[in-house]
K.L.:
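What follows is a single structure, and I will ask about it in a moment.
Quick note on labels: first sequence line is chain A, next is B, and so on, each numbered from 1.
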There are 2 protein chains.
Amino acid sequence: MRRTKAEAEATRQQIICAAERVFFKKGVSNATMEDVAHAAGVTRGAIYWHFANKTDLFMELYKSVPLPQEDMVARELESEDAEVLTVIERVAAEWLDTLANDEQRQRILSILLRCDYTGELSAVLEKQQSVDDGHMRTLEAAFARAAEKGQLGTCWTPKSAASALRWMMKGICSEWLLFGRRFDLASEGREGLRRLIGSLQAAK
Amino acid sequence: MRRTKAEAEATRQQIICAAERVFFKKGVSNATMEDVAHAAGVTRGAIYWHFANKTDLFMELYKSVPLPQEDMVARELESEDAEVLTVIERVAAEWLDTLANDEQRQRILSILLRCDYTGELSAVLEKQQSVDDGHMRTLEAAFARAAEKGQLGTCWTPKSAASALRWMMKGICSEWLLFGRRFDLASEGREGLRRLIGSLQAAK
DNA sequence: AGCTTTACAGTCAGGTGTGTATGTTAAATG
DNA sequence: CATTTAACATACACACCTGACTGTAAAGCT
């Protein structure tokens with residue numbers, strides 16, 4: 001029973017959506033194509049029609065992640081605002097807010113945090129790494145502008161400040177996602193951010 | 001050909017040691033018992049004599065990790081030194097030094113960072129979590145003593161300072177281990193630590 | 001010295017997941 | 001309207017890994 005193009009695209013999305021739920025629940029290496037197929041209401045044959053194998057499915061799932069504000073963040077960080085550190089803090093806090101309210105993003109990040117990148121999935125790790133490097137570059141640039149304006153504490157360099165912020169963000173998100181959301185991400189995360197940015201700031 | 005108790009214990013250690021190398025190379029879920037057996041120079045039968053299954057082997061590997069200075073760190077952090085923050089910085093820096101020079105510890109931490117904790121291995125994650133909680137308590141206590149002496153910056157609480165330090169440490173180690181040791185852990189890590197501790201410190 | 005048990009080596013059945021090949025139906029195409 | 005082809009479902013082959021079972025030779029006990 002051949003479907004129309006639109007229907008095919010719909011089942012493709014169904015498969016990706018089902019993979020997201022199944023990978024989240026059972027872990028990537030533990031999940032079976034049959035699991036995904038059952039969750040999507042299709043057979044494995046359908047999955048192998050749309051995707052080459054499990055690794056490919058995982059890659060496509062990763063690529064389908066809505067990263068809408070990627071560019072927005074970069075553009076905002078490159079804006080010529082006077083209070084650079086305030087902008088950085090606000091952007092980071094907004095990122096936490098988004099994560100706190102978007103369950104799909106939570107699931108995908110959890111999958112990414114928990115999965116085993118040895119073997120076939122190493123390509124995904126490399127992609128993540130390159131994305132991370134991009135973030136670091138824009139962050140460093142922002143901190144460099146803060147330093148030019150004398151807003152960055154004398155003991156910090158743009159690079160070390162960017163690293164500290166990124167590690168803080170990673171730490172907050174990892175702990176929240178992996179350890180059962182035992183605190184309020186938005187409020188406590190924002191508070192931690194405020195303290196760190198405050199410590200990065202030059203004494204007035 | 002039955003071995004003596006000492007020989008049996010030796011092969012048990014060989015198996016654990018081989019598991020460490022194999023798990024590091026192929027990842028826990030990707031490695032097979034046959035792989036481990038081959039690397040250890042025994043057959044799978046021998047492994048199943050000493051360990052119930054792969055999960056059990058992994059747990060025993062985890063338990064066999066040399067964590068000698070665990071208590072030392074705690075005792076040192078509880079010492080009544082005047083410069084609490086300096087002690088904290090030194091202890092953390094020593095931990096980085098140890099990691100930088102101990103390849104076995106590097107492998108085990110890499111395994112722990114990369115492996116998929118969904119399913120059978122979730123018990124390991126819980127154990128890690130409880131160990132982490134213990135660390136946090138002693139760290140918080142140390143920062144609390146620093147706060148009492150007025151050494152902690154006013155915008156920091158003992159808890160938030162402990163979190164910040166732990167996330168920093170995790171971030172440094174994760175990036176170094178997962179992303180191919182692209183920087184010098186001991187020197188750059190210590191530098192980052194110095195900056196962070198400096199920012200936690202009360203202005204003199 | 002003889003019996004029991006230990007510490008393995010080897011083998012085997014069985015389940016499980018993967019990838020592919022084939023079948024089927026309806027949409028596209030002309 | 002006939003043919004092709006897309007979008008799956010079904011079936012199959014096979015590699016593979018696990019756990020359990022069996023064999024065995026030496027250690028340890030009495």
Side-chain angles (χ1 to χ4, degrees), chain A residues 1-19 21-61 64 111 115-116 118-124, chain B residues 1-19 21-23 25-61 64 115-116 118-124:
Chain A
M1 15 177 143
R2 182 182 173 192
R3 313 296 161 81
T4 169
K5 297 260 183 197
E7 285 173 329
E9 183 56 29
T11 66
R12 194 191 128 96
Q13 287 304 319
Q14 264 184 35
I15 293 171
I16 288 187
C17 182
R21 293 195 308 273
V22 172
F23 287 170
F24 174 69
K25 189 168 189 178
K26 309 188 68 172
V28 177
S29 57
N30 248 336
T32 286
M33 293 297 245
E34 175 63 34
D35 291 334
V36 177
H38 184 78
V42 295
T43 62
R44 272 174 46 246
I47 300 183
Y48 278 101
W49 171 257
H50 288 282
F51 309 94
N53 46 40
K54 195 156 86 171
T55 304
D56 185 42
L57 173 58
F58 183 77
M59 287 283 287
E60 292 302 312
L61 170 62
S64 84
I111 294 169
C115 84
D116 187 339
T118 52
E120 306 298 320
L121 274 59
S122 60
V124 184
Chain B
M1 19 182 134
R2 184 183 169 191
R3 315 296 162 79
T4 169
K5 297 259 183 197
E7 285 173 328
E9 182 57 29
T11 65
R12 194 191 128 96
Q13 287 305 319
Q14 264 185 33
I15 293 170
I16 288 186
C17 183
R21 295 195 307 272
V22 172
F23 287 170
K25 189 167 189 178
K26 309 187 65 172
V28 178
S29 57
N30 249 335
T32 167
M33 293 297 244
E34 176 61 33
D35 291 334
V36 176
H38 184 76
V42 296
T43 62
R44 272 176 46 246
I47 300 184
Y48 277 103
W49 171 258
H50 288 283
F51 309 94
N53 47 41
K54 194 157 85 171
T55 304
D56 185 42
L57 173 58
F58 182 79
M59 287 283 286
E60 294 301 312
L61 169 63
S64 84
C115 83
D116 186 338
T118 52
E120 307 296 321
L121 276 58
S122 60
V124 184

K.L.:
List the steps and the verdict of side chain to side chain contact (heavy atoms under 4.5 Å, CB included) for A/Cys115 and A/Phe23.
P.N.:
CA-CA 9 Å; A/Cys115 84; A/Phe23 287 170; over 6 Å; no
K.L.:
To the nearest Å, how far apart are B/Arg3 CZ and D/dA26 P?
P.N.:
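Answer to the nearest Å: 11 Å.
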K.L.:
One thing to verify: whether B/Glu60 and B/Arg12 come together as a salt bridge, which I'm taking to mean a side-chain N less than 4.0 angstrom from a carboxylate O.
P.N.:
yes
K.L.:
Please tabulate, one pair per line, all N/O donor-acceptor pairs under 3.5 Å involving side-chain atoms of residues 30-42 of chain B, not counting sequence neighbours.
P.N.:
unit_1, atom_1, unit_2, atom_2, d
B/Asn30, ND2, A/Thr118, O, 3.4
B/Thr32, OG1, B/Glu34, N, 3.2
B/Asp35, OD2, B/Lys26, NZ, 3.0
B/Asp35, OD2, B/Thr32, N, 3.1

K.L.:
May I have the step-by-step check of side chain to side chain contact (heavy atoms under 4.5 Å, CB included) for A/Ile111 and A/Val28, ending in yes or no?
P.N.:
CA-CA 7 Å; A/Ile111 294 169; A/Val28 177; 3.7 Å; yes
K.L.:
For B/Trp49 and D/dT24, what is the distance between atoms CH2 and P respectively, to the nearest whole Å?
P.N.:
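Rounding to the nearest Å, CH2 of B/Trp49 and P of D/dT24 are 18 Å apart.
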K.L.:
If you take all heavy atoms of A/Leu57 and A/Ala19, which pair is closest and at what distance?
P.N.:
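What the structure gives for the nearest pair is CD2-CB, 4.0 Å.
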K.L.:
Which value, rounded to the nearest 0.5 Å, describes the distance between A/Glu120 atom CD and A/Met59 atom CE?
P.N.:
11.5 Å
K.L.:
Check DNA chain C against residues 5-18 of chain A and give the residues with a non-hydrogen atom under 4.0 Å, in numerical order.
P.N.:
A/Lys5
K.L.:
Hey, does the side chain of B/His50 come within less than 4.0 Å of C/dC8's phosphate (OP1/OP2), counting only N and O?
P.N.:
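So the side-chain polar atoms of B/His50 do come within 4.0 Å of the phosphate oxygens OP1 or OP2 of C/dC8, strictly under.
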K.L.:
Would you indicate what A/Thr4 reaches in the nucleic acid, counting non-hydrogen atoms under 4.0 angstrom: base, sugar-phosphate, or nothing?
P.N.:
sugar-phosphate
K.L.:
Please state how far atom CG in B/Asp56 lies from atom C1' in D/dG19, giving the value in whole angstrom units.
P.N.:
14 Å
K.L.:
Using a cutoff of under 3.5 Å, can you pull out all pairs of nitrogen or oxygen atoms linking the protein to nucleotides 11-18 of chain D, with atom names and distances?
P.N.:
unit_1, atom_1, unit_2, atom_2, d
D/dT18, OP2, B/Thr32, OG1, 3.1
D/dT18, OP2, B/Met33, N, 3.3

K.L.:
Rounding to a whole Å, what distance do you find between B/Phe51:CZ and C/dA7:P?
P.N.:
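Distance, rounded to whole Å: 13 Å.
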K.L.:
Closest approach of B/Phe51 and B/Ile16, non-hydrogen atoms and distance?
P.N.:
CZ-CG1, 3.7 Å
K.L.:
I would like to know whether B/Ser29 and A/Asp116 meet side-chain hydrogen bond (donor to acceptor under 3.5 Å, both in side chains); could you show each step before the answer?
P.N.:
CA-CA 8 Å; B/Ser29 57; A/Asp116 187 339; 3.3 Å; yes
